[in-house]
Structures are given as C-alpha cells and as structure tokens.
Amino acid sequence: MTPAATAAAPGRTGGPAHGAPKTRTLPAWPVAGILALYPLWWALGLGVLIFAVMAVPMLFLLLRRRAAGRSLRLPPGFLWWALFLTAVVVSLGALGVDPPGTIAEHAVGRLPGAAYKLTMYASLTVLLLYAGNLTEAELPKRRLVRYLGWLFVVTVAGGLLGMVAGHFQFTSPVEMLLPGSVRSKGFVQSLVHPYAAQIMDLVGGDRPRPAAPWGYTNTWGNNFCLLAGWLVVAAWQSGKGRNKFWAIVCLLVSILPAVVSLNRGLWIGLGLLIVYIAARYVLAGKMWIIGLLAVTGALLGLALMATPLGGVVSARLDNGKSNGVRSFLVDRAMDGIGGSPIVGYGGTRNTAGGRQSIAVGETSSCERCGNFTVGGNGQLWQLLYSHGIVGTAGYLGFFTYVLWRFRRDRSAIGVAGSAALVTSFSAMLWYNSLVTPLAFMVLAVALLWRNSIEGDPT
C-alpha cells in the first residue's frame, strides 16, 4: 500500500477517519469556575445563582459529548433521584391548594418560588452528572477535593469577617440592575446582597452570626460541616508538611466562628462528623484514632473553660429561643401532610399568624413578624410538605443508596464523602439544603462514584 493510501485508510493514523464523529472531552472550567471563584460570584451578587448560570454550558457540553458518541454515565441509584425530580414537577399541580391554617394565595403567586426551587434542583442534577462524567484526565479527583477544601477556608474567612465586622455589607453589581421593588425583598436580598453576618438576638442583645459567603447563618453552619473533611483530605493528599500545618491552623481558627455563630445544629453536625470518621477508622483497625480523639476533646474542653467561648456556648444552650418556632412549624408541617400525603403542595406555605395569635403577621416594616414558613425549618419537613411521601422517598432513597453502595470505600475520599452525607442527614432536621449544601452533597456523591470507577490516587 502506498503512503498516500495508508494515510487515507480509516484507523491507520492517529486522527479519526473522515466523516467519523470526534471524541469530545469535557472541560473542567464549569465546575472549577464555580468552586474556585465562588467569593467573586458572591461579591458580584450572583452567589447561588451561579449554579443555574453554569448549568447551561454544562448541559450543552454533556449533550455535545453524547452526540459525539460518548456514553453518559448515571450515578448509582439515579432512579431514586429521577423519582424525586418527577415528584417535584407533579407537585406543582397543588400550588393552588390552601391547607388549613395557612394564608390563602393564588397558585400564580406561589409559582416564582416553586420555579426557583425546581430550577435549582435541575441545575444541581446537571452538576452531579457533569462532575461524575469528568475523567481523571479532565478533572483529577485530587483537584476537585482541593476546590472543596478551599471553600472550607473561604467559609472560615467569612466567619471571621462576620465576627469582626458583623455589619459589613455592600450593594452588588447584580443588585444595582434590579428594580427597587424587587431587590428590597428579603429573599432577593439573600441572593444578591453580600453581607457578612445576620444580626440576631438569641442570648440577650443583638449579635452578629456569621453568614458570608453563604447568605444565611444556618447555611454557613451546614456548609462548615460538609466541607471540613475535604480540607483535611486535600492537605494530607498533597504530601507536603506545610499544607498539613496550615490545614491544622485553619481548623483551630475555625473554632472561633463556629462557637460565635451560636449554631447548635453546627455543633451537633461536627460531633456526628467526628464520631462517624472515628468509627470508620476504628473498624479499619486504626485504634490510634481513639487516643487522638481523647487528646483533642481534652484540649477543646480546656479551651472552652479557659476562654470566653465556654460562656458563649453555655449561654446559647440556656437560651433556646428558636425551639418554640421550630416545634410549631414541625407540627404545622405534619398536620398539613395529611391533606396531600402523596405529592405534597408543590412548595411551602405561610402560616396565618404566629404561635400565639392568628392576628400576628408580616408588614412592610417587618417581613419576619408572624406568618412563619411551613417547610422552612429543615429539608426533611420541606420535602414532606412540598413534595409528599413520594418526593421524600426519592430524595432520601438516593443518598441512602449511595451511602450503602460505597460503604466499603475506606480511602480518604470514601470516608470524607460518606461522612459529609451522614452529617447532611442530621442537618436536614433543622437546615434546608438548597442551594449550596445540596451542591456539596452531590459533589460528594460524584467523588464517591468516580472513586469506585477510577480508584483512589493515594
């Protein structure tokens, strides 16, 4: 065969045959851009909206790759997640229903909030598929772990900012573009208006509770638990002593905003995180973890007794001002489920009045006076109330299946990923997951999933 004929023959050269579809790779920049540049998005006023923005190119790139002949992998248990998404869509048909004890409103008025949640659930589904279909050559797992560890550092920095400059805030570029009547709404403010802390009276007098860059103090605490393990994994995978040193420093410094946040859910989550990781290592025969926990616990207890932080913790435990509201909302959620147990009501509802009287309600000067949000005090209650038993089963079924499927993964990524999901189960009793906590949950799933296919690089 002549050289010319050899060059023209299909499969004889390094490139594809003429007319054959090109193999498409997935670039890492959509995922890397969200995580590495999140402080920038927060400052611009995009914040959680960046997940919906980036979902557009991610979906396009996935479809382009599929059209080029590359298969699209689905995570284990994805049928459970598909069931959840189906329930979210079907439940929209109940938006016009007014459960007893809630404020009557037309379905059209509730549609924007429901559409926002549906958009975010869809966007995070795209993130899950995109991150899970990236190969080691396209985005190494170690680099993804470093991005998550970096966001823990960002969380600690935001907590410190909330401590020392609780009233710090500014008007973002995105906020400037919105009409005044829109940007003045509390929910819109949480999306586009950067601020360091929420000012609340929980232990006598107004105090700043860290929120930056996650919008709410509770979200800050939720993300703290979800991201802490990834900092440790990133530092130890690097193999560099200075990275381990600075990771330890960051963890020690993080105690300050974690305590000052007055976030009991965060404290419970951290306790569960530590106990779960310790149990995994003990079961693997690494008994030294028990001694390390004993020493760490003793040092933490000494620090709480010898510093004002102990008084802060004690004061918070003695003042459970939110307990009554949470109990009230759980009761309203459980009562309402009976009216639409299968698919729920498509979204949350506002109570008619407060705990003591139906005459208490929000005004233009006090959006949070009465009219509490049923389903706004925890992901579990929101799932049951908004999307019924079917939606709740799909959501819980997916993450439970993932935990069970990868239970034997004893690598650093396996332990950190499963630990993050375990803490999310406790957090769902008092925290809502949209948007960033759920984003970090699906990224943990993607890492566990890819680890089972590609193996742990360590």
Side-chain angles (χ1 to χ4, degrees), residues 141-142 145 148-149 151-153 155-156 221-239 241 243-259 261 263-305 309-310 313 317 399-400 402-431 437 440-441 443-445 447-448 451-452 456-458:
K141 295 190 295 294
R142 283 191 176 189
V145 168
L148 294 173
L151 284 178
F152 179 75
V153 176
T155 301
V156 174
N222 200 349
N223 289 341
F224 189 106
C225 292
L226 288 167
L227 296 169
W230 296 120
L231 176 69
V232 177
V233 175
W236 261 253
Q237 281 185 342
S238 72
N243 290 344
K244 297 176 183 180
F245 171 78
W246 287 115
I248 293 173
V249 170
C250 182
L251 289 171
L252 291 175
V253 171
S254 73
I255 295 173
L256 294 173
V259 172
S261 72
N263 201 324
R264 293 171 298 174
L266 164 59
W267 303 342
I268 293 172
L270 283 178
L272 180 60
L273 179 72
I274 293 170
V275 168
Y276 175 81
I277 292 176
R280 288 291 302 267
Y281 278 100
V282 168
L283 291 174
K286 299 178 180 180
M287 305 303 293
W288 55 265
I289 195 72
I290 297 178
L292 178 62
L293 278 180
V295 172
T296 303
L299 291 175
L300 179 60
L302 181 62
L304 291 177
M305 289 188 295
L309 294 178
V313 173
L317 295 179
F399 290 110
T400 301
V402 168
L403 277 171
W404 177 256
R405 175 68 176 270
F406 302 121
R407 67 191 183 280
R408 293 190 177 91
D409 186 346
R410 295 177 179 175
S411 68
I413 287 177
V415 174
S418 58
L421 295 183
V422 167
T423 61
S424 74
F425 277 92
S426 71
M428 71 188 306
L429 295 174
W430 34 75
Y431 296 149
F440 301 140
M441 289 166 64
L443 288 174
V445 171
L447 281 166
L448 289 168
N451 214 37
S452 69
D456 184 19
T458 60

Hey, could you give me the [atom1]/[atom2] distance between [X] and [Y], rounded to the nearest 0.5 Å?
X: Phe425; Y: Leu421; atom1: CZ; atom2: CG; value: 7.0 Å
X: Leu148; Y: Phe440; atom1: CG; atom2: CZ; value: 7.0 Å
X: Ile248; Y: Asn243; atom1: CD1; atom2: CG; value: 11.0 Å
X: Ser254; Y: Leu227; atom1: OG; atom2: CG; value: 11.5 Å

[X] and [Y]: which non-hydrogen atoms are nearest, and at how many Å?
X: Val153; Y: Cys250; result: CG2-SG, 4.1 Å
X: Leu231; Y: Ala247; result: CD2-O, 3.9 Å
X: Gly417; Y: Ala444; result: O-CB, 4.0 Å
X: Asn222; Y: Ala427; result: OD1-CB, 3.7 Å
X: Ala412; Y: Val233; result: O-CG2, 3.8 Å
X: Ser424; Y: Met441; result: OG-CE, 3.5 Å

Let's go through Phe406 and Asn451 carefully: what are the C-alpha distance in whole Å and the side-chain angles of both, what is the deciding distance for side chain to side chain contact (heavy atoms under 4.5 Å, CB included) to 0.1 Å, and is it a yes or a no? CA-CA 9 Å; Phe406 302 121; Asn451 214 37; over 6 Å; no
Report all side-chain donor-acceptor pairs from residues 269-276 shorter than 3.5 Å, counting only partners two or more places apart or in another chain.
unit_1: Tyr276; atom_1: OH; unit_2: Arg280; atom_2: NH1; d: 2.8
unit_1: Tyr276; atom_1: OH; unit_2: Ser418; atom_2: OG; d: 3.0

Quick one: do Asn263 and Tyr431 satisfy side chain to side chain contact (heavy atoms under 4.5 Å, CB included)? Show the steps, please. CA-CA 11 Å; Asn263 201 324; Tyr431 296 149; 2.3 Å; yes
Using a cut-off of 6.0 Å, state whether more than 12 heavy atoms not belonging to Trp236 lie near its atom CH2.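 Counting neighbours around CH2 of Trp236, more than 12 heavy atoms of other residues, nucleotides or ligands fall under 6.0 Å, so yes.
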With a sphere of 6.0 Å drawn around CZ of Arg407, does it hold more than 12 non-hydrogen atoms of other residues, nucleotides or ligands?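 Yes, because the 6.0 Å sphere around CZ of Arg407 holds more than 12 heavy atoms from other groups.
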Contact between [X] and [Y] at the side-chain level, heavy atoms closer than 4.5 Å - yes or no?
X: Ser261; Y: Phe224; answer: no
X: Phe152; Y: Leu251; answer: yes
X: Gln237; Y: Ile413; answer: yes

Trp267 ring centre to Arg264 NZ or CZ under 6.0 Å, with the angle to the axis within 45°?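 No, cation not above the ring by the 6.0 Å, 45° rule.
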What pairs with Ser426 under side chain to side chain donor-acceptor pair (under 3.5 Å), at least two apart in sequence or on another chain?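 Partners of Ser426 by the side chain to side chain donor-acceptor pair (under 3.5 Å) criterion come out as none, since no residue qualifies.
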Assess the residue pair Trp230 and Leu151 against the criterion (side chain to side chain contact (heavy atoms under 4.5 Å, CB included)); give the C-alpha distance rounded to whole Å, side-chain angles, the decisive distance to 0.1 Å, and a yes or no. CA-CA 9 Å; Trp230 296 120; Leu151 284 178; over 6 Å; no
Could you tell me which residues satisfy ring pair (Phe, Tyr, Trp, His ring centres under 6.0 Å) with Phe399, sequence neighbours excluded, listed by chain and number?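 With neighbours one apart ignored, the set is Trp81, Tyr395.
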